[in-house]
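Report on the following structure.
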Amino acid sequence: MPHPSAPASLNTSPPSAGNASVKAGFFKTATEADGTPVAAIAAVQEFGAVVRGREGHTIVIPPRPFLRQTVATRRTAWVRLLANTLKASLRTPGRAGGTQHVLQTLVQRLSTPTQALTTVGKAMQTDITQTIHQTHTPPNAPATIRHKGFDKPLVETGTLQNSVTFQVEA
């Protein structure tokens with residue numbers, strides 16, 4: 001699994017489509033108000049870290065692998081969704097016309113899988129966001145709970161879950 005700053009991705013190669021792909025996760029444009037990249041925050045949450053607190057004490061942030069967990073549990077469903085969406089796009093009737101037109105329409109639909117990849121990207125975004133909301137362990141440290149005012153790992157300002165997005169490259 002790539003580092004969270006390298007989002008989860010699903011590649012497809014329909015005829016003539018080259019290396020069309022969809023990626024979901026945290027991209028360079030997502031930052032906290034202070035300029036901190038959200039991908040860096042996601043990496044710390046995903047893999048854990050040891051950092052220095054404001055008073056110089058050591059803080060251990062345990063791993064909460066929300067991105068890897070989502071990919072592991074949902075990857076097959078994403079591939080199936082892509083296949084089904086591509087199949088459905090081929091079954092959708094085009095304009096009336098001769099056999100030549102029908103074949104051209106089918107080739108065009110296979111060679112530009114953008115709509116199918118967008119459907120999968122939205123599913124990936126939703127699944128990652130749901131995993132963030134459903135993560136309850138390991139619990140926050142008592143000092144973190146005092147700072148935040150509640151014990152909800154991966155949630156403080158909403159920036160992490162609101163920054164999950166997707167990109168289609170076709």
Side-chain angles (χ1 to χ4, degrees), residues 1-33 36-48 61-95 102 104-140 150-170:
M1 174 67 212
H3 194 278
S5 60
S9 65
L10 191 59
N11 294 319
T12 179
S13 297
S16 305
N19 290 322
S21 67
V22 59
K23 298 176 183 179
F26 306 93
F27 297 91
K28 291 180 182 182
T29 55
T31 60
E32 286 279 357
T36 303
V38 177
I41 295 165
V44 166
Q45 293 298 329
E46 182 76 17
F47 298 105
I61 301 171
R64 295 179 176 98
F66 66 95
L67 188 56
R68 290 176 290 169
Q69 177 184 341
T70 306
V71 171
T73 61
R74 299 296 300 158
R75 182 179 183 86
T76 301
W78 296 336
V79 170
R80 197 174 319 119
L81 177 60
L82 178 61
N84 291 338
T85 306
L86 286 170
K87 286 178 194 175
S89 74
L90 294 177
R91 286 192 299 265
T92 304
R95 295 182 308 170
V102 171
Q104 287 174 339
T105 301
L106 290 175
V107 168
Q108 183 181 12
R109 288 179 184 171
L110 276 175
S111 63
T112 55
T114 305
Q115 186 175 2
L117 291 171
T118 297
T119 298
V120 174
K122 288 177 184 176
M124 293 169 78
Q125 179 182 16
T126 298
D127 291 343
I128 294 166
T129 301
Q130 284 179 345
T131 303
I132 291 171
H133 286 290
Q134 294 169 355
T135 298
H136 300 289
T137 58
N140 288 129
F150 58 93
D151 183 15
K152 181 68 181 95
L154 303 180
V155 175
E156 183 170 356
T157 64
T159 302
L160 185 69
Q161 65 267 22
N162 293 334
S163 296
V164 178
T165 191
F166 69 93
Q167 293 177 348
V168 171
E169 296 175 10

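E32 places a side-chain heavy atom less than 4.5 Å from the side chain of I41. Contact of the P153 side chain with the T137 side chain is not registered, since no non-hydrogen atoms from C-beta on lie closer than 4.5 Å. Side-chain contact check for L160 versus F26: some heavy-atom pair is nearer than 4.5 Å. Side-chain contact check for L154 versus Q161: every heavy-atom pair is 4.5 Å or farther apart. W78 is not listed as a side-chain neighbour of V22, based on a closest heavy-atom distance of 4.5 Å or more.
Of the inter-residue distances, the one linking Q130 atom CD with T135 atom OG1 reads 11.5 Å to the nearest 0.5 angstrom. In this structure, the separation between CD on Q167 and CD on Q125 is 11.0 Å, given to the nearest 0.5 Å. Interatomic distance, N162 CG to T157 OG1, rounded to the nearest 0.5 Å: 8.0 Å. How far CD of Q134 is from CZ of F66: 13.5 Å, rounded to the nearest 0.5 Å. In this structure, CG on L82 lies 9.0 Å from OG1 on T119, to the nearest 0.5 angstrom. To the nearest 0.5 Å, the span separating CZ on R74 from OG1 on T126 amounts to 10.0 Å.
By the 6.0 Å contact criterion, NZ on K122 is open, its count of non-hydrogen atoms from other residues, nucleotides or ligands being 12 or less.
Side-chain atoms of T131 come within 3.5 Å of backbone N or O of D127 as a donor-acceptor pair. Side-chain atoms of D151 come within 3.5 Å of backbone N or O of N140 as a donor-acceptor pair.
By the 4.0 Å N-to-carboxylate-O rule, E46 lies too far from R64 to be salt-bridged with it.
When all heavy atoms are compared, the tightest approach of P138 to P63 is CD-O, 3.7 Å. The two atoms that bring A116 and L86 nearest to each other are CB-CD2, 3.6 Å, heavy atoms only. The minimum heavy-atom distance linking E169 with K23 is given by the pair OE2-NZ, 3.9 Å. Of all heavy-atom pairs spanning T165 and F27, the tightest one is CG2-CD1, 3.2 Å. Between L117 and A20, the shortest heavy-atom distance links the atoms CD1-CB, 3.7 Å. Looking at every heavy atom in both residues, G25 comes nearest to I128 through N-CD1, 4.4 Å.
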Exercise. Show the numbers, then the answer: is there a side chain to side chain contact (heavy atoms under 4.5 Å, CB included) between F166 and T118?
Key: CA-CA 8 Å; F166 69 93; T118 297; 4.1 Å; yes
